Amino acid sequence: MFALADCNNFYASCHRLFEPQYNGVPVIVLSNNDGCVIARSNEAKACGIAMGAPFFKIRDEIKKHNIAVFSSHYTLYGDISARVMTNLARFTPEVEVYSIDECFLGLSGFENLKEYGKTIRETVINNTGIPISIGIAPTKVLAKVANKTSKKHNGVMVLETQQQISDALSEYPVEDLWGIGRQFAHKLIKDGVETAAQFRALPVDWVQTHMTIVGVRMWRELWGESCIPLKTILDPKKGMCTSRAFGKLTGDYHELKEATSNYAARLAGKLRREKLCTTVLSVKLLTNKFIADELQAYPSITIPLEHPVNNTVDLINTALWGLKKIYLRGYQYQKVEVNATGLIPESEVQLNIFSAFKGKKYDQVSRVLDQLNLHYGAGTLRMAGEGKNQKWSMKREFLRPHYTTNWNDIIKVK
DNA sequence: TCTGGGGTCCTAGGACCC
DNA sequence: TCTGGGGTCCTAGGACCC
């Protein structure tokens, strides 16, 4: 048996933790650059605010319903997430942290699952203040179904018997299944398949033909055959990317250089934190696809590296070399992406005899950079090329303090 | 004015090997 | 005149996830 624990309206719940005056009122959280809605409290959902809605298009509704607005704050969410996961891990040795707000638990051999689920849920809520829901079923896909169903049943739902499973599936919209996205949902509904039960009743050959092996796995899981095992050990990452829209469009080469340097430096930092090196770096510029009458361009370059690196100096230099190659005058760019692929563990790097010495020096510089920034706060020390004024940096108009990750922002108890 | 960011997996087709 | 069979690796594109 598997349990899926899922934090309710996670980002919104994180903000409420430190500003409880927003309990019981509509709350939304915006994506980077305050672009779209990425989290909504139940009250905000009830106001009809759609997931993914562009912020500028719903300003009137926000005013009308007096909705509280927050810029996204991933350091806060990451920290709260870790607390939730630590609590969940106390209940079984088999844990898969599936995303920032979801966790699969292996519960094979456990009894009284309903009661156990309630205990897990109450413990997490008590210890972290984050509301969660728990779905328990024989497969991961069914646990997902149980989880979603649980939100209408006091937060814990067990699907164990054939009857319970088929009852749940017959009311479950096919587009809400884990593994059915927009494309497949559209195709299925057009063919009259509207519920999970109807999908399960399709011949497996049809599923194989139209939805490949991925669809078949999902179909089998709906019949109670577990095909997607619990991943208790994370696979090594295959790629890593820093990509962020600017606060404004720009065609200015100097600004693009600053942004590219900054993103490459962030990427280097992420690689070092995970003790990985990259062997291939790509850089891509993108214009804003939503502006129909603006000239569009997406120039990119993929650069194989002489030897695997994760130091800031080499990655910035390589990224800037790439930028120079792809830069086209006369376009207004919205975003630059810096992507690392062909990742290998730091410990497995083969040194190239010609560049070993230089690389070592830059590795030392990067290590000092990391130590200082860890101690004094991110961005304290950075490369001059990353710029000072950073006119391109993202918009976060509704940003709250770093309640749990910055000494100066910790709340005072009187 | 203003539309996110970071990932995974699978398949088909082409280049190449002996 | 007739032109094989069995592989691997890589990439692009398309689907999906939160």
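First the proteins, then the strands, lettered A, B, ... as listed; each starts at 1. As the structure is a computational prediction, the values presented were derived from the model and not from experiment.
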Flag if over 12 foreign heavy atoms under 6.0 Å of [atom1], [X]:
X: A:N126; atom1: CG; result: yes
X: A:K325; atom1: NZ; result: no
X: A:K335; atom1: NZ; result: yes

Quick one: which of [options] gets closest to the side chain of [X]?
X: A:W178; options: B:dT3, C:dC18, B:dT8; answer: C:dC18
X: A:F184; options: C:dC16, B:dG7, B:dC2; answer: C:dC16
X: A:C241; options: B:dC2, C:dC16, B:dG6; answer: B:dG6
X: A:I213; options: B:dG5, C:dC18, B:dC10; answer: B:dC10
X: A:F56; options: C:dC18, B:dC2, B:dG6; answer: B:dC2

Quick one: is [N] close enough that its OP1 or OP2 comes under 4.0 Å of any side-chain N or O from [X]?
X: A:K238; N: B:dC9; answer: yes
X: A:Q334; N: B:dC2; answer: no
X: A:K335; N: B:dG5; answer: yes
X: A:N288; N: B:dT3; answer: yes
X: A:R244; N: B:dG6; answer: yes
X: A:R217; N: B:dC10; answer: yes
X: A:S31; N: B:dG5; answer: no

[atom1] of [X] versus [atom2] of [N]: gap in Å, rounded?
X: A:E337; N: B:dG4; atom1: CD; atom2: C1'; answer: 11 Å
X: A:N339; N: B:dG6; atom1: CG; atom2: C1'; answer: 10 Å
X: A:Q332; N: B:dC2; atom1: CD; atom2: P; answer: 10 Å
X: A:Y98; N: B:dT8; atom1: OH; atom2: C1'; answer: 9 Å
X: A:R396; N: B:dG4; atom1: CZ; atom2: P; answer: 16 Å
X: A:Y11; N: B:dG6; atom1: OH; atom2: P; answer: 12 Å
X: A:Y263; N: B:dG4; atom1: OH; atom2: P; answer: 13 Å
X: A:D101; N: C:dC17; atom1: CG; atom2: C1'; answer: 12 Å

**Study point:** Whichever of A:I38 and A:D235 has its nearest DNA chain B nucleotide further upstream toward 5'
**Key:**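 Checking each residue's closest nucleotide, the 5'-ward one belongs to A:I38.
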Check your understanding: Which comes earlier along DNA chain B counting from the 5' end, the contact point of A:V214 or that of A:K237, where each point is its nearest nucleotide?
Key ->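 Counting from the 5' end, the first nearest nucleotide belongs to A:K237.
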Check every strand shown and say whether [X] touches a base, only sugar-phosphate, or nothing at a heavy-atom separation below 4.0 Å.
X: A:L177; value: sugar-phosphate
X: A:G239; value: sugar-phosphate
X: A:F290; value: base
X: A:K248; value: nothing
X: A:S72; value: nothing
X: A:N32; value: sugar-phosphate
X: A:I180; value: sugar-phosphate
X: A:M394; value: nothing
X: A:K144; value: sugar-phosphate

Could you check whether the rings of [X] and [Y] sit parallel, tilted or perpendicular, using 30° and 60° as the cut-offs?
X: A:Y11; Y: A:Y74; value: perpendicular
X: A:Y327; Y: A:Y333; value: tilted
X: A:F246; Y: A:Y263; value: tilted

Practice item. Indicate yes or no: does A:E102 engage A:K144 in a salt bridge with an N to O separation below 4.0 Å. Key: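 Salt bridge: yes.
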Review point. Are A:F398 and A:F55 close enough that their ring centers fall under 6.0 Å?
Key: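 Ring centres of A:F55 and A:F398 closer than 6.0 Å.
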Check your understanding: Looking at A:F2 versus A:F104, is the centre-to-centre ring distance below 6.0 Å?
Key ->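 No, too far apart.
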Review point. Among A:L276, A:T278, A:T279, which one satisfies side-chain contact (heavy atoms from CB on, under 4.5 Å) with A:P308?
Key: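 Output: one option passes, namely A:T279.
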Review point. Does A:S13 use its side chain to pair, donor to acceptor, with the backbone of A:N8 at less than 3.5 Å?
Key: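 Side chain of A:S13 to backbone of A:N8: a pair is present.
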Review point. For DNA chain B, which ranges pair as stems of 3 or more consecutive Watson-Crick or G-U pairs, with both donor-acceptor distances under 3.5 Å?
Key: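 Stem list for DNA chain B: B:5-18 with C:5-18.
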Which atom pairs link the protein and nucleotides 11-14 of chain C when you take only N or O atoms and keep those under 3.5 Å?
none

Exercise for review: Pick out which of A:N311, A:N310, A:T312, A:D363 makes a side-chain hydrogen bond (donor to acceptor under 3.5 Å, both in side chains) with A:R272.
Suggested key: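 The side-chain hydrogen bond (donor to acceptor under 3.5 Å, both in side chains) with A:R272 is passed solely by A:T312 among A:N311, A:N310, A:T312, A:D363.
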